[in-house]
Every structure is written in C-alpha cells, then in structure tokens.
Protein chains: 2
Amino acid sequence: MEENLPKFESAISIDCVIFGFDAGELKILLIERSADPFKDWYALPGNLVKQDEGIEEAAGRILHELTGLNDLHMEQFHTFGEVNRHPSGRVITVAYYALIRINSQKEVKPLIEFAKKAFWHPVSELPKLAFDHSDIFKTGFNKVRRRLHYQPIAYELLPEKFTLTQLQQLYEAILNKKLDKRNFRKKMLSYGFLKELDEKQKNVSFRAAKLYKFDRRKYAKIFQNDLNIEES
Amino acid sequence: MEENLPKFESAISIDCVIFGFDAGELKILLIERSADPFKDWYALPGNLVKQDEGIEEAAGRILHELTGLNDLHMEQFHTFGEVNRHPSGRVITVAYYALIRINSQKEVKPLIEFAKKAFWHPVSELPKLAFDHSDIFKTGFNKVRRRLHYQPIAYELLPEKFTLTQLQQLYEAILNKKLDKRNFRKKMLSYGFLKELDEKQKNVSFRAAKLYKFDRRKYAKIFQNDLNIEES
DNA sequence: TTGCGTTATTGTATAAATTACACTTAGTGT
DNA sequence: ACACTAAGTGTAATTTATACAATAACGCAA
C-alpha cells in the first residue's frame, strides 16, 4: 500500500450468479446482451461499481436493479482480474452468488437498458456465456455445492413451506446425484431445525405430503458453537 | 457490463496473509509501516496491482518482492471494497493467503522502500493492524482453517521431511485445539499419502522420531475422483 | 364404492468412522 | 544404570453412514 495513490485506470464490476429452483430444476438468471462486445450472447447479470459505493452495497443495488428484490443472501465468492478478460478494457469483476425463490410473488424485472431480456435458464444445459462468465458460473456453482454441506442455503431457494421431497430434489440438483430417500429424510430431521407444520400440500393429484419450514432460531441455537469457533 | 467503460478512479491492491510455522507456532509475516497513514503501525504486506497485470500475476509478483520466494501456493480468499477502508482514497484490495516454509534455506527479504522492517509474528497474539487488516487476517485465517480439512495445505508449511508430532502441532495451531495423539496418527496414516522414510530426526536430546514426507503423487491419485466431482 | 395409479412415509441390519483412553519403548544425558 | 523425555502403539464403545423395500394415503376414474 503506497501513500500517494496512483489511479488505476480500470473499471470494477460485479457479476452475479443468481440461483433459483423451479419445477424441480436448478436455474440461474441470464441476460441476452443487446450490444457489442458479445452482442446477442447470453451473459451473467452484472454492472459497474460506483465510485462512492462499497462492493457489498453495489452487489445489493445491482441485484435489486436486475430483479426488483431486496435483502437477499448474497455472498462474494471470487474476483476475476485477468488483464484481457474484457475486450473493451481492463475490468476486474467481483463475483457474487445469490439465492432466490423464483416462485415468490414478485416478478423478476431486469432493467431494459441493460439487455434485450432476462430469463431463467437451467444450469444443467448452459450454453457458452459471454466474456469469462462460464468460468465465473462454474466457480460459483462449485462454491455453492460445497457450502451446501455446512450452510443452510437450500432454504433460501425453496418456498417458505416445502416438502421433504422438494428439499431432496434441490439437494440432488445441486450435488448432481441421486440420494437415498430414507437416509436423506432421517438425516435432515435429525438436525432438529426443520419444523413440521400442521399442513399439507394442496392441488396435487396424489397423496399430499407434509409441509415443513426452516426454523432459523433453532438453527442458530444449534450451530452457535460451531460459529463461535469460526469467529474466534 | 457497459460498452463504453467509464474509468473507475480507484486503486486495486493485493494484500497477503503469509503463513509460516516455526518453533511449534503459527506465524504470519507483517511489516511495520514507515509513513502515514498508519505510520509505525503493523500491517499485512501488500502492494498495488499494475495496469497491465492480472491479479494472480500481481499476487505472485508482490509476494516475490516481499519474500524473495517464487511459485508458492497462493490462494485468493476475499475482496475488500468498503469505500472508506483506506483513508487516502478508494482502494479495493484482493486478499490472498500464502503458505511458506519459514525454515527453508532462503531468508525472507522484504523491499526496503516498502516498510521499516518485515518480521514473523505469532498469530496467537496479533496486535491491532493498520487499515482493515485485522479483518482481512481473520477472514483469511478462517478460510485456511476450513480448507485444512480438505486440502493438503499443512505440507506447504512443514519442512520436506517432518515428524508426525510436528504435523499434529501444526494442526493444533491452526485449529486452536488439542488433538488426541493416537487418533491423529491413525487417521493421517490411513489416508495413505504419507511416506515413511528410512530416516529419523537428528540433534534432539530425546528419542528421535521417524520422518515422513508428503507424497503428492499418491495424494493426487487418491483424490482425483473427488476433484473430478468438484470440476464437473 | 371399488380399484388403480402415484407419491409419502417408515425401520433395521451392517459397515465405517470417530472417540476415549494409558502404558511401554527408545533414545539422551548425567 | 538411572532418570528424563518424547515416541510409539491397540482396543472397546459410540456415533454416523449406508443399503435396502414394503405399506399407507390420497386422488381419480370407471
């Protein structure tokens, strides 16, 4: 760190890998670019950080502008700073992932200026993305996969009330492998932070499953020791 | 991402948390600042990224300039971008950690221009650091602690040949808790990537322990499946 | 109302991993 | 040869993970 700060003639951006879960499939939000470079390509939503804005703050703002949603769990996962990653100039991008409930009441409404359109795309068959966005996605997905084991991120993707089968499908989608139903349920319930509701699925043409919700208080209580170790 | 790239009037820096292990203690490399702001404070070694230099490259260069060492395992762990984290202007810093063998032949030789001095300091009793460097350290240490469980980072801190007791002391220093000797040895040896040498400790005033070395080939073979899952 | 189709729900036996725990051995130095 | 120090070693108990399939509940249609 130097005293006289030479200016760095570059731009800083945020790119977001926004995960959603819908119809048993894991999806991310993509935009179609309306101008060069990479005109007509699909890309991750992202934008530039403002001069007077912290990057966490910027990430929140940009996600809000792109989806209309606020206060989501956003987590920074990597910064990409290769010199030539952007053909128009030096752009260093800080990548975040976010987890949202696709089915929540609000529509996802991206800014028009930004892209021709925005849409959800299944992660299982992503096309090549603009810039190094395929790498960014891959890195982010791996982080999410890993964090799934020790952070309650699944519950940010599911609706408030969900069935154990939905939870299992989500785990299977993220981990990309089949899990044993009995063992899965046994394990999830053994944690003690899933609250069984007096309510069942509706509008299904078969036996309705019990609904559960994630009990944030109990989760915090159960894992406060672990967290303390992390912080200490 | 915009087409016409407005310039971001800021500096990008790299800060390094450089871990070493010596005399049974985990240490990091600090510098003492020679000028304001934070004159005379201790700080993490760091420097600005150049205009035409990728950040990975910059991290390698900066670490080299500060220690004379090359080709170390460096890993990016977080980017700090609060607006006011640096009193002289906007500086966004990408933080890396590195793991080195303090006792290796070469001396650590920091650039003079940079700081009054550079020295190893035990992590167990760090003073307050300049800027937000205490936070950076804390975040980095937590990442290292977590990665210890699934990446072979311990062997980058130990000498080429080491005893199981040294390995255990290192684990205890990073995890900050006592481990059971028998269980620890059993588990480490069960992985199958530690090679027992026909050699013992020298110059000790008690029974000499067997020396082991980390077998990178075997490690790669054993964990290639896991890695494939990560990449896929 | 009966039967069919679909998904929900549940337990047990086995294997693997983790934990708790203390004495004997080997070498050094006096 | 004695004392000191750290090295080295095994077993039983517990917990956790895995493999595996039949029955119950419900909607729907005949």
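Please read these numbers as outputs of a predicted model, since none were measured by experiment. Proteins come first, then strands; the chains are lettered A, B, ... in the order of their sequence lines, and each starts at number 1.
The aromatic rings of F223(A) and Y219(A) lie tilted to each other, with the angle between the two planes from 30° to 60°.
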Scoring nucleotides 12-23 of chain C by protein non-hydrogen atoms under 4.0 Å (B base, S sugar-phosphate only, - none) yields B------BBBB-
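The distance between the ring centers of F193(B) and F214(B) falls below 6.0 angstrom. Aromatic rings of F119(A) and Y42(A) (six-membered ring for Trp) have centroids within the 6.0 Å cut-off, being under it. Between F141(A) and F19(A), the ring center distance clears the sub-6.0 Å criterion.
Judged by distance alone, with hydrogens and angles left aside, the side-chain atoms of H133(B) form a donor-acceptor pair with the main-chain N or O of L44(B) at under 3.5 Å.
A heavy-atom distance below 4.5 Å is found between the side chains of L167(B) and Y155(B).
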Decide yes or no on side-chain contact (heavy atoms from CB on, under 4.5 Å) for R185(A) and T165(A), but give the supporting numbers first. CA-CA 9 Å; R185(A) 296 159 92 95; T165(A) 298; 3.7 Å; yes
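Near DNA chain C, meaning a heavy atom under 4.0 Å away, the residues from residues 200-215 of chain A are F206(A), R207(A), A209(A), K210(A). Remark: T165(B) in residues 159-172 of chain B come within less than 4.0 Å of DNA chain D through at least one heavy atom.
When the C1' atom of dG10(D) is taken as reference, atom CZ of R185(B) falls 14 Å away, rounded to whole Å. Atom pair L189(A):CG and dA8(C):C1' shows a separation of 13 Å (rounding to whole Å applied).
Judged by a 6.0 Å distance limit and a 45° cone about the ring axis, R147(A) is not positioned over the six-membered ring of F77(A).
Ion pairing of D215(B) with K195(B) is absent here, as no side-chain N (NZ or NE/NH1/NH2) approaches a carboxylate O to less than 4.0 Å. With salt bridges taken as basic N to acidic carboxylate O contacts below 4.0 Å, none links E57(A) and R61(A).
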